[in-house]
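Working notes for the structure below.
To find a chain, count down the sequence lines: A is the first, B the second, and so on, and within it residues start at 1.
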Amino acid sequence: MSTPSDEALQPDVTEAPPTGVQPAATEPAPRLPARPAGDPIARTLWLGIAFVVILALVTVAYSLLTNVLGTGAPRTMAEYKLSATRAKIDAGSKERKDWMNYILALTDDGQYQVAQDWIDRGKRTLKGQDVSADMVYMQANLYAAQGKLDLALKTADVGLSTIQKTHDKAVVEWKRTGVPTEASIGLSDNFWEILLLKAEVYEQKKDWKGARSAYDRYLAEKKTAASVFAQRAAVKEKLKDVKGAAADYRTTLRFIPDNADALAGLKRIGAAK
Amino acid sequence: MTDAHDGAKPGFDPSDLTKEEVQRRVEALLAESSEKEQKAETRRKRLIPAVILVLLLLLLGGVAAFVYRVLSPNAGADKKEAAGVTWVRSIYGFGPAENQQFVNPNDAVTAPDGTIWVADTARSRVVAFRGDGTYAGSMLRGSQNTGEPFRLPSRLAVDPDGLVYIADIPNEQLTIMDGQTKLVAANIPGLTSVDVNDQLIVVGSNSGFAILDKDGKVKKIVGKNGQGDNDFDRVAGVAIDSASKTIYVVDTYNNRLSAWDFDGKRKWIVTTGNKANKVKLQGGGSLVTTTSVPAALQLPADVAIDGKGRPIVLDSFGFQLAAFDPKDGAFIGSWGAPGDKDGQFMYPATVNYDASKDWFVVADTSNRRAEIIRLPGTARDGSGVVSALNRLLAGPLRALWPCLALLPLIVIALLFSRWRARRAANNEEGVEDPVEAA
């Protein structure tokens with residue numbers, strides 16, 4: 001005899017017909033129990049992961065096949081200069097101009113550590129550094145690019161005095177022996193470049209007197225440097241030397257009649273006519 | 001009857017319950033515990049893929065941002081240095097080697113599919129690039145020795161079917177190329193420039209310009225060499241505006257810009273600066289370059305038409321681009337500065353406008369590059385968003401093209417899986433599927 005509790009434990013036979021028993025034709029077909037399905041949200045998430053992975057792989061494959069990552073060709077002027085100057089260095093050039101151009105390109109491109117490495121290497125290997133102070137000039141330029149303005153000025157002074165001393169010594173030697181050398185003929189071009197660098201660093205420091213002094217020294221020698229006259233004129237403007245600025249702007253216009261900086265400067269100080 | 005949940009109440013005595021109630025309570029407790037376990041399991045099953053998905057998206061986003069940053073160099077002269085020009089990117093060649101880079105790119109034009117063709121004149125080749133500046137895999141090669149299929153490609157034009165028209169200036173020959181196949185070459189004395197649309201070919205020469213139909217039959221020849229009002233002295237640039245049926249002509253040494261209809265009748269002509277063929281000197285041997293002409297161009301070399309239908313003239317020696325009013329040729333403004341920084345120009349030769357992306361491609365010859373730049377206010381009215389999107393997808397983000405192409409498939413797959421799930425749910429509930437019923 002079964003107790004009520006025993007009955008409760010029995011399966012409900014009315015829910016599904018026994019196997020092999022066909023339902024009456026008039027009764028609706030019995031519904032099969034639903035297949036236990038996984039969580040649809042979890043399934044969607046896994047599907048999403050699969051889609052993302054597939055899309056990422058397709059993107060990578062497409063990028064590689066169609067050169068999205070580039071062909072190694074330069075994309076900016078800095079990269080172009082780097083590529084052009086690097087080729088000469090790679091070819092084994094020991095020309096100081098080639099080294100300077102490469103280091104300038106590295107500095108312009110913001111590769112300061114690499115530029116520093118090549119400056120150090122140049123100091124060790126390039127000849128004639130006492131004559132032209134190329135690497136000292138490059139060092140000052142690098143400091144200026146890095147914003148180390150005081151260091152840039154100090155290094156620039158070292159470069160100027162190195163070139164000047166070597167030149168003076170060479171002139172004495174020339175007089176003594178009668179044989180001219182590269183250093184005795186004239187100051188290296190770098191001397192003037194370093195002076196311009198100094199002027200620009202002083203301008204960054206808003207030391208207008210320092211900038212004017214550097215420009216004065218430069219223009220005392222380079223009397224046809226039209227655009228530098230306009231640069232000095234701008235500094236004179238800052239120093240409220242309107243007359244001097246107007247004279248410099250006019251000098252620029254004598255060489256380049258439509259120089260935009262000079263025309264704008266004259267207009268600014270009310271001396272356009 | 002005591003509730004199953006009040007078992008902890010003081011005074012509760014389990015012996016008060018019948019066996020049946022105990023069993024029911026046990027079953028309820030078991031069911032509750034099983035439900036809790038099931039919920040925890042479900043949570044765990046959802047948490048794992050959710051975390052993976054989020055981490056994956058973060059990782060991919062980070063990698064994509066890094067790659068985009070690397071592929072988009074932060075260059076370009078500042079606004080003042082570039083005098084209003086916005087630099088997009090430059091193309092120097094198709095590889096890192098010296099012989100893969102340009103020597104003197106003389107022209108750069110955009111094809112209807114967005115391909116930028118650059119004429120690297122000294123190397124006798126015309127090279128195809130994508131909008132992001134990468135090599136598109138096509139190159140038309142000429143020969144300086146044989147002149148076949150061309151000798152020195154100097155000016156280019158692309159028609160709506162993608163045919164490339166090559167003006168071989170030293171050879172005085174206009175060569176049409178369909179891919180690697182040469183279709184036709186016409187001898188045109190004093191050839192200097194070319195432009196083409198779906199109906200016409202316009203070629204400039206030292207003494208005027210000619211309007212030809214697409215079969216190369218001459219419809220009209222305009223001008224003779226000279227300095228008079230109806231004369232020309234080197235037409236270095238021509239541009240066809242199909243919308244307004246206007247041909248713009250740059251008369252380089254006479255320093256003039258003129259507009260013509262398709263029958264060769266002049267609409268207007270303006271002086272754009274001092275004549276280069278009538279040079280005046282001032283004290284010290286300097287050229288007189290000051291002028292009362294508002295545009296004050298030094299040597300107009302080419303013309304393109306912007307999205308607003310305005311002729312944009314390239315001033316090769318003034319290192320700038322100047323806009324003019326298409327109605328009467330009145331000077332509107334100019335942008336650009338000399339130099340080698342990104343966005344500056346050094347003796348540029350030609351300019352071309354891509355309306356779909358609202359950008360210009362300038363053959364910046366002495367800087368050995370083709371520059372893609374933008375000017376303010378040149379987009380066609382109402383096309384700002386579309387052209388911005390086109391520009392984005394023409395850059396490094398073009399890597400997303402396959403994803404965008406697959407997106408509709410993914411949406412269809414999702415919709416299908418939802419439809420299947422709904423159908424299964426309906427089946428469970430016994431609701432008749434309307435599709436099956438049908």
Side-chain angles (χ1 to χ4, degrees), chain A residues 3-5 8-9 28 31-32 34-35 37-81 83-84 86-87 108-110 253-258 260 263, chain B residues 19-20 23-24 42 45-46 48-50 52-53 56-57 60 67 71 73 75-76 89-96 98 100-101 130 132-135 137 282-284 286-290 296 298 337 340-342 367-369 396 398-403 406 410 414 417 421 424 427-428 430:
Chain A
T3 60
S5 60
L9 291 171
R31 293 169 62 76
L32 290 171
R35 192 159 51 92
D39 178 21
I41 294 177
R43 203 172 52 226
T44 308
L45 285 169
W46 283 114
L47 209 62
I49 291 170
F51 276 136
V52 170
V53 170
I54 290 169
L55 288 182
L57 290 175
V58 168
T59 304
V60 170
Y62 178 79
S63 303
L64 292 174
L65 285 173
T66 62
N67 290 326
V68 172
L69 303 177
T71 52
R75 302 166 301 168
T76 62
M77 185 45 91
E79 287 183 4
Y80 174 71
K81 283 181 178 169
S83 127
R86 176 76 203 228
D108 284 350
D109 197 39
L253 290 175
R254 215 151 40 92
F255 299 109
I256 311 170
D258 58 352
L263 290 171
Chain B
K19 200 175 178 182
E20 192 180 324
Q23 191 167 349
R24 214 171 285 156
T42 308
K45 275 185 179 171
R46 288 177 185 178
I48 293 171
I52 292 176
L53 188 61
L56 192 65
L57 288 174
L60 288 174
V67 172
L71 295 179
R89 60 182 63 92
S90 299
I91 305 170
Y92 287 87
F94 57 93
E98 193 267 335
Q100 292 173 317
Q101 292 169 16
R130 296 186 190 89
D132 64 349
T134 57
Y135 178 48
Q282 64 181 14
S286 300
L287 288 176
V288 174
T289 52
T290 47
Q298 294 207 18
D340 67 1
K341 289 186 177 168
D342 304 293
N367 279 328
R368 298 181 170 214
R369 66 189 173 194
R398 76 178 168 84
L400 297 178
W401 266 121
C403 294
L406 283 174
I410 292 171
L414 281 174
S417 83
N427 276 348
E428 257 178 57

Would you please name every residue forming a side chain to side chain contact (heavy atoms under 4.5 Å, CB included) with A/Val52, sequence neighbours left out?
B/Leu53, B/Leu56, B/Leu57, B/Leu60
Tell me, out of B/Ser90, B/Ala50, B/Gly95, B/Cys403, who's got the most heavy-atom pairs with chain A below 4.5 Å.
B/Gly95
Name the region of B/Tyr135, side chain, backbone, both or neither, that has any atom closer than 4.5 Å to a heavy atom of chain A.
both
Please name all residues satisfying side chain to side chain contact (heavy atoms under 4.5 Å, CB included) with B/Ala399, sequence neighbours left out, ordered by chain then number.
A/Thr59, A/Ser63, A/Val68
Proximity breakdown for B/Gln101 and chain A, heavy-atom pairs closer than 4.5 Å:
side chain
Only one of A/Arg75, A/Met77, A/Glu79 passes side chain to side chain contact (heavy atoms under 4.5 Å, CB included) with B/Tyr92, and that residue is A/Met77
Between B/Arg398 and A/Thr66, do the side chains contain an N or O donor and an N or O acceptor separated by less than 3.5 Å?
yes
Rounded to the nearest 0.5 Å, what separation is found between the CG atom of B/Leu414 and the CG atom of A/Leu47?
6.5 Å
Side chains of A/Asn67 and B/Arg130: closer than 4.5 Å at any heavy-atom pair?
yes
Please give me the minimum heavy-atom distance between A/Gly72 and B/Pro96, naming the atom from each residue.
O-CB, 3.4 Å
Output the distance between atom CG (A/Leu69) and atom OG1 (B/Thr134), rounded to the nearest 0.5 Å.
10.0 Å
Shortest non-hydrogen pair, B/Ile410 vs A/Leu55, comes out as CD1-CD1, 3.8 Å
Pairs of heavy atoms under 4.5 Å with chain A: top-ranked of B/Ile52, B/Leu71, B/Val67
B/Leu71
May I have the step-by-step check of side chain to side chain contact (heavy atoms under 4.5 Å, CB included) for A/Tyr80 and B/Arg369, ending in yes or no?
CA-CA 10 Å; A/Tyr80 174 71; B/Arg369 66 189 173 194; over 6 Å; no
Take atom CH2 in B/Trp401; do more than 12 heavy atoms of anything else shown fall under 6.0 Å from it?
no
Using every non-hydrogen atom in the two residues, find where A/Ile49 and B/Pro49 come nearest and quote the distance to one decimal.
CD1-O, 3.4 Å
As an exercise: rank B/Asp132, B/Thr42, B/Asp340, B/Leu406 by heavy-atom pairs under 4.5 Å with chain A and give me the winner.
B/Asp340
